[in-house]
Structures are given as C-alpha cells and as structure tokens.
Trainee: 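Got a structure for you, questions after.
In what follows, chains are A, B, ... by sequence order, proteins preceding strands, each numbered from 1. This structure is a prediction, so every number in the text was calculated from the model and none was measured.
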Amino acid sequence: MSVGADSKSLKNLLQGQSQLSASPLDRVNQLRTNAVNQVNILNLPTKHDEDWRFTDISPLTKISFQPVREASPLKNSDVEHFYLTEAVTRLVFIDGIYAPHLSTQIAEPFKKSGVVVSSLAAASSENLAAIESHLGYHTELQDNIFAALNTSFLHEGALIIVPRNISVETPIHLLFIATQKEVSSHPRCLLIAEPNSRVTVIEDYVTLREETYITNTVAEFALADSAHVDHVRIQRDSKEAFHIANCSVSLAQKSNYQSVSIAFGARISRYNLNVLLKGEGAECTADGLALISNRQLADTHACIDHIKPHCTSHQLHKCIIDDAAHAVFNGKIIVRPDAQLTNSTQSNRNLLLTSKARIDTKPQLEIFADDVKCAHGATIGQLDNEEIFYLKSRGLSEVTARDLLTYAFGAEVIERIPVASLKLRLEQVVHKQTQRD
Amino acid sequence: MIYQDSKTLLKIRGLCATVNNSEILKGIDLTIKSGEIHAIMGTNGSGKSTLAKVLAGHTSYEITGGTVDFEGKNLFDLAPEERARAGIFLGFQYPIEIPGVANNQFLRLAFNTAQVQQNKDELDPLEFDDLVREKMKLLEMNPDFLDRSVNENFSGGEKKRNEILQMSLLDPKIAILDETDSGLDIDALRIVSNGVNQLANKDNATILVTHYQRMLNYIVPDYVHVMDSGRIVKTGGKELALDLEKHGYDWVNIEKTAAVGA
Ligand SMILES: Nc1ncnc2c1ncn2[C@@H]1O[C@H](COP(=O)(O)OP(=O)(O)OP(=O)(O)O)[C@@H](O)[C@H]1O
Ligand SMILES: [Mg+2]
C-alpha cells in the first residue's frame, strides 16, 4: 500500500480548492470546511474496499486534474445540438461553471408562483431557509471521499425548488458540458420538491471533446409528501473521462420518485444512488442502462432503503457490454423492521456481446420485516435463441436479428424516459452502437 | 383447392427428427401442391409443431433421416431466413414476445426483406404505414398494435392476429399455421379465416395445424392428415375432420389396427 501515492493524488484533486472565494451562504462555507477535513482524513478507495472491489480507480491518480477558473466562451451555436425541444428551462454548466448566457429562465407564471431554477450561488434570500435545511443533509460524507471532494468545491450548482401544489409541466434540463482536458469539475444539484408538487428533471452530462477529465457530481433530491419527481440522468461523457456520481433521494409520505439513468460514456464511471423511503406509501422506480464497449467500465451501486411501511420500489438495471468492457452492478435493498408491506422488485439483466465482456453483479437483500414482497434476480447472457429464430423465420438475417434484439434490450429502458425528443435521440445512439457493421 | 396443373411445392419423404436425443418425428411423408389446403390434426404431443418448426428451420431439432424438397431444392440447404425469403411462413403456436422491438419496425423490416428478395422497391416508413394499416383493417386490428413491442402483452388472440398480419405482408408460398385458431374468439376466428382465405390462391398452399373443426368450417381443407407419435397415420378429405370430431382419436387407432389386421 503506497500511502504516498494516495495523498499525492488527493492533493491533486483538492488543487485550487483553497482559492475558492467564500460563499455568501454560511451553510456552504460550513459544508466546505467540513468536507475538506473529510477529504484529508479519507483515502482514495482501492479494490480492497468492499464497495470498490470490482472498480479500480487508480488510473485517476496518474493524471493531475485542475479545476477550471473560467468557462470556455461557448456560444449557443456550439452547444445547441444538446438542447431539448421540450425543455424550455435549462441550466448550462461548462466544465462545472454556470453559463447564464446559455441558460434559460423558468417561465414567468412559474417564477411568480415561486418555482426556482437557478444557480445555487444566485439563490435569493427567500430560498435560504430551504437551502439551509436541505443542502448537504442528504449526502453522507463519512465514507465517501468523492462526495466530500464535491462538497469541498461546493460553489454554484443547480438549484430547483418547486413549491407546494405546483406542477411544472415542461422538463428542466441541467446540461453539464465538458470542454477541456485534464480538468476536474464538481457539479452539484439540489432539488426541493415541496408537498404535492411535480417536476421532471434531466441531468445531462455531455462533452465537446473526447478528452480525459473528471466529472464528480453530487445530486440531492428531497421529495416532500405526495411530491412527484421524474429524474432522467444521462451520462455521455468522453470515453476517456472519469465520471463519479452520488445521488441521494429522500422520499416523504406518498411521494413518488421515477428515475431512468443511462450510462454511455466515460472510461470509468461510478454511480451511487441512495434512495431513502422515509414516509409511508412512498414509491420509487430506479431504472438504468449501461451501454459500454472497448475498455469502458460502468459501475452502478444502488441502495434502496425501505424505512416506513407500504412503500414500493422497482428497479430494472440493464447492461449491454461489448468488446472487453466491464460492468458492475450492486443493488442493495434494505427493508427495515418498521417497513411492513413493502413491495420491492429488482432485476439486473446483462447482455454480454463478446467472450471478453465482463459483468460483476451482486443483488443484496437485507430484510428485517416479515410481511413484505421482495423479488429480485440477475441474469447474464447472450441473446435469446427463440427470439432470434422468430425474427429469422420472418426473413431477417442473423446479423439484423441480433442487432435488433441488442437494440431492443437497451430500448426497453430508454422507452421509460418521459421526454420524447431525448428518448428518440438516445434510441439513435443505442441503434448506432448495436449495429455490428 | 386441388388443381389439375398444380406444381409440387413441398415433398416430404421419411422425415425423422430428434430433440435432445429423443425421436419426435418418425418418418413423415407428405406432398403439398400449389393451390392446396392441408389440415394436420392429432393428439397433443404427436409432433405437429415439431414438424412445423423443422420445416421453418428451427435449430433445436436435429434431422436424422428423410428428405424435404421445396420447389426442387433441398430445404435443408437453406437457413431459416432463406426459407422465409423463399416463401415459407410459420405462424407460431406460441408467438414469442420481443420487448423493445416496435411491431411496426419489425413488420417493415420483414416486409422490405421480402421486397428486396423479389426485386421490388422497399417501402419507406410512411408508405409502409399506409400499407400495413390497410392490411390491419382487413383483420380488424387496432392500429395501436403498431406502436407496441412485438407481441408484448398481446392477448392470445391478438398474437394470432399479428401472425396473420405478418403472413399477409409476406405473402408466402407455403403458410404453415400452427393452431392459429386457438385463442381466437368467435368473431376473430371468422375474420382471421377470411384473411387466410383471401391470401390462398392457385400458386400457394396452406397447412393448418388444428385441433378443431371450427376453423375448417371457414377454411375448407382439401386434405386432412392425422398425426400420431411422429407419423401421419391417416389421410382423408375434409370429412375426416368431422369424423374425428365425432369419434375422437381412438377411432383412428382402431381403424388402423383393423387395417393392419385385414
Ligand atoms: N425442446 C424439446 N425438448 C424435449 N422434448 C420436446 C422438445 N420439443 C418438443 N418436445 C416433445 O416433442 C413432442 C412433440 O411436441 P410438439 O410440440 O411437436 O407436439 P404437438 O403435436 O404440436 O402438440 P400440441 O397439440 O400440444 O401442440 C412432445 O412430447 C414434446 O414434449
Ligand atoms: Mg403444437
């Protein structure tokens, strides 16, 4: 064990932190100080850590990443191909820095009714109380060096607040654009959905260059009673990049969190999703698709924690693994003693397209209540022969049949995205990636 | 219908096939000529679906004996997709569900593959949409089925209609319909049967695998074959199906024993 290498790489990742100017928000400054301490205590995880057994992030230590001081001067025309027609409200971040000139405001009627979609740094005084009571509370830094690192750099980030009984009809697009090599960015999202509110949020990580960089995100979603949030997360970072993400969701009574998370990009990606079903009758769906090739590694660790009775959770996580790529899925479902009448399903299905492709999957059920319905399973395989035969019996060639089925395997998850234009675009990506020639 | 100047489409001689080393087909002889409609009946497990799938080229079955000649070619030289393109169509007893593959996309791919095979122009999505909707109207199918995944969560009867829709798009030379009638309600049976009848002409042939007379009331067979334990044990005209319905399969076996005894 080389402690030297560890501390060196950490110093690397903290570079520039001390130059951050103090935030006008006390809460932010306090979180930062705390987080820097954590980063200094913690080590970068290695494959000896149970949670990182299959994911070797040591390549991260070989590169010196710098935070970006100034956003690249991008114009709308440079990035508008990433925009989504349905999403009239958009926050754009370039290498982690908020770009107001590319962003669009929430429509006036919503603004009037108190909906906030802005940079965290631009939050107005009316929202301080909400921020004070949520920011940083949903993310555990104790054992999570990446979340701590993100919090050390806490500065701008996306803030969404949807007040009580308000339903925002059009999706909100949080667009994070990478443009430079060997930089680090620490995007942050905070979503506060007040009682009986409704909103769709698209968290979208894209790149303009196939370079090596690190995106290290933290998202916190707080759903109050009967709030409904659709969360679409698209990770299409550079195939040379590192993407580490922590998303924590807290669900109050009868609230509903529907999420689809797609990973196409990054050389190494890790997505930690933590969902706390804290109120009776809360519902959560957490679907995912990793479509990877070459030497990519995509790791998803999900933990769905049933604390109160009568909650449901459904998770379908799929991986299509080509070439020598490697996918990891760890799906933990906890049902606490109090959480009677829990209904939970989890399914991890993996399609290995070559003999070198690899999946490590580990569903984990920890059930401490007796009156519960939990179904979980993992499958690893090639395409289904009966399906191939059916298609061939209609004249489709072997190659066409296989491509179509591979595509379909991924499309099942894509189809669950509630934003038509995004769905279409992602279908095209999957289509392209699943064509053999 | 039986025509004077018909062509032999399919000639099956002594066909034997095994699955997982157990012999299912034990010497099938069957000749199908253009214009004809054949019904194959027989007890559960007698090998009807096996025969159908062997003809379509399913790879789970090993051919252990016999020959199948399709329009002068050795059928076994053709891969399943080549058989389909050459005009063999299997309407599955249990059509498989393919989540994620849109029905309209699948139908268009299949249709255009057949078009290319026949040196005809492929249809673009809009042109195809018009065509498929027309075909669906004939089968009284709701166009909503186009946007759904292939057969996914279709009811039993809806799956069967979707099979006939595919048949009508592909216009095969030999259609093997494996229990297409099972799962159809009374109206659907009539509609689907009409669809099959409209497609039947003097150049193609239809093989209906069925357990019941009711479909044969609409699609009148020229020949009825009875399968038992991997063999065709009796062949007759359309009245054979009525006799079977009246007397059951034991009657065939008694007849058979009597014939052997004579
Ligand atoms: N893959 C297989 N493995 C083992 N046995 C099989 C397999 N496929 C078919 N069989 C057996 O072959 C026999 C014939 O099956 P087949 O499906 O052809 O019957 P069938 O005449 O179509 O029956 P039904 O009227 O019930 O549809 C059955 O006994 C069946 O169990
Ligand atoms: Mg059968």
Trainee: Counting only N and O atoms by type, is there a donor-acceptor contact under 3.5 Å from the side chain of A:R394 to the main-chain atoms of B:L90?
Mentor: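 Judged by distance alone, yes, a pair lies under 3.5 Å.
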Trainee: List the atom of A:Y407, the atom of B:G100, and the distance in Å for their closest heavy-atom pair.
Mentor: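 In terms of heavy atoms, the two residues are closest at CE2-O, 4.4 Å.
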Trainee: Would you say B:N142 has more than 12 foreign heavy atoms packed within less than 6.0 Å of its CG?
Mentor: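 More than 12 heavy atoms, drawn from other residues, nucleotides or ligands, come within 6.0 Å of this atom.
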Trainee: Might you confirm whether atom NE2 of A:H431 has over 12 heavy atoms from other residues, nucleotides or ligands at distances under 6.0 Å?
Mentor: no
Trainee: Out of A:L396, A:L391, A:N385, which one racks up the most heavy-atom pairs below 4.5 Å with chain B?
Mentor: A:L396
Trainee: For residues 157-177 of chain B, give me every residue with a non-hydrogen atom less than 4.5 Å from any non-hydrogen atom of chain A.
Mentor: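 Result: B:E163, B:Q166, B:L170.
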Trainee: Output the distance between atom CG (A:L405) and atom CD1 (B:I98), rounded to the nearest 0.5 Å.
Mentor: 5.5 Å
Trainee: Can you list everything that forms a side chain to side chain contact (heavy atoms under 4.5 Å, CB included) with B:D69? Sequence neighbours excluded, please.
Mentor: B:K11
Trainee: What closest approach, in Å, do A:A408 and B:V101 show between heavy atoms, and which atom pair accounts for it?
Mentor: CB-CG2, 3.3 Å
Trainee: Using side-chain heavy atoms (C-beta onward) and a distance below 4.5 Å, is A:D384 in contact with B:I96?
Mentor: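 Side-chain contact under 4.5 Å: yes.
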Trainee: Testing the basics here: between A:F389 and B:G57, what is the closest heavy-atom pair and its distance to 0.1 Å?
Mentor: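 Closest pair (atom of A:F389, atom of B:G57, distance): CE1-C, 3.6 Å.
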Trainee: Less than 4.5 Å apart, side chain to side chain, heavy atoms only: is that true for B:L109 and A:T400?
Mentor: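 SC-SC contact between B:L109 and A:T400 confirmed.
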Trainee: Taking atom CD of B:E134 as the centre, report whether more than 12 heavy atoms of other residues, nucleotides or ligands fall under 6.0 Å from it.
Mentor: no
Trainee: Around atom NZ of B:K33, are there more than 12 heavy atoms of other residues, nucleotides or ligands at under 6.0 Å?
Mentor: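 No.
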Trainee: Just wondering, more than 12 heavy atoms not from B:D121 lying within 6.0 Å of its CG?
Mentor: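 For B:D121, atom CG is not crowded (no more than 12 foreign heavy atoms under 6.0 Å).
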Trainee: Which atoms form the tightest heavy-atom contact between A:E386 and B:H58, and what is the distance?
Mentor: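 Minimum heavy-atom separation between A:E386 and B:H58: OE2-NE2, 2.9 Å.
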Trainee: Count the heavy atoms of every other residue, nucleotide or ligand shown that sit under 6.0 Å from CZ of B:R13, and state whether that count exceeds 12.
Mentor: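 Yes - once you tally the heavy atoms of other residues, nucleotides and ligands closer than 6.0 Å, there are more than 12.
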Trainee: Checking A:L404 against B:Q105 for the side-chain contact (heavy atoms from CB on, under 4.5 Å) test, could you report, in this order, the C-alpha distance in whole Å, the side-chain angles of both residues, the deciding distance, and whether it holds?
Mentor: CA-CA 10 Å; A:L404 192 62; B:Q105 183 195 10; 3.6 Å; yes
Trainee: Heavy-atom distance under 4.5 Å to chain A: side chain of B:A114, backbone, both or neither?
Mentor: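 For B:A114, there is no contact with chain A at all, as no heavy atom is under 4.5 Å.
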Trainee: Minimum heavy-atom separation for A:G395 and B:A84, please, with both atom names.
Mentor: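 Closest heavy-atom pair between A:G395 and B:A84: N-CB, 3.4 Å.
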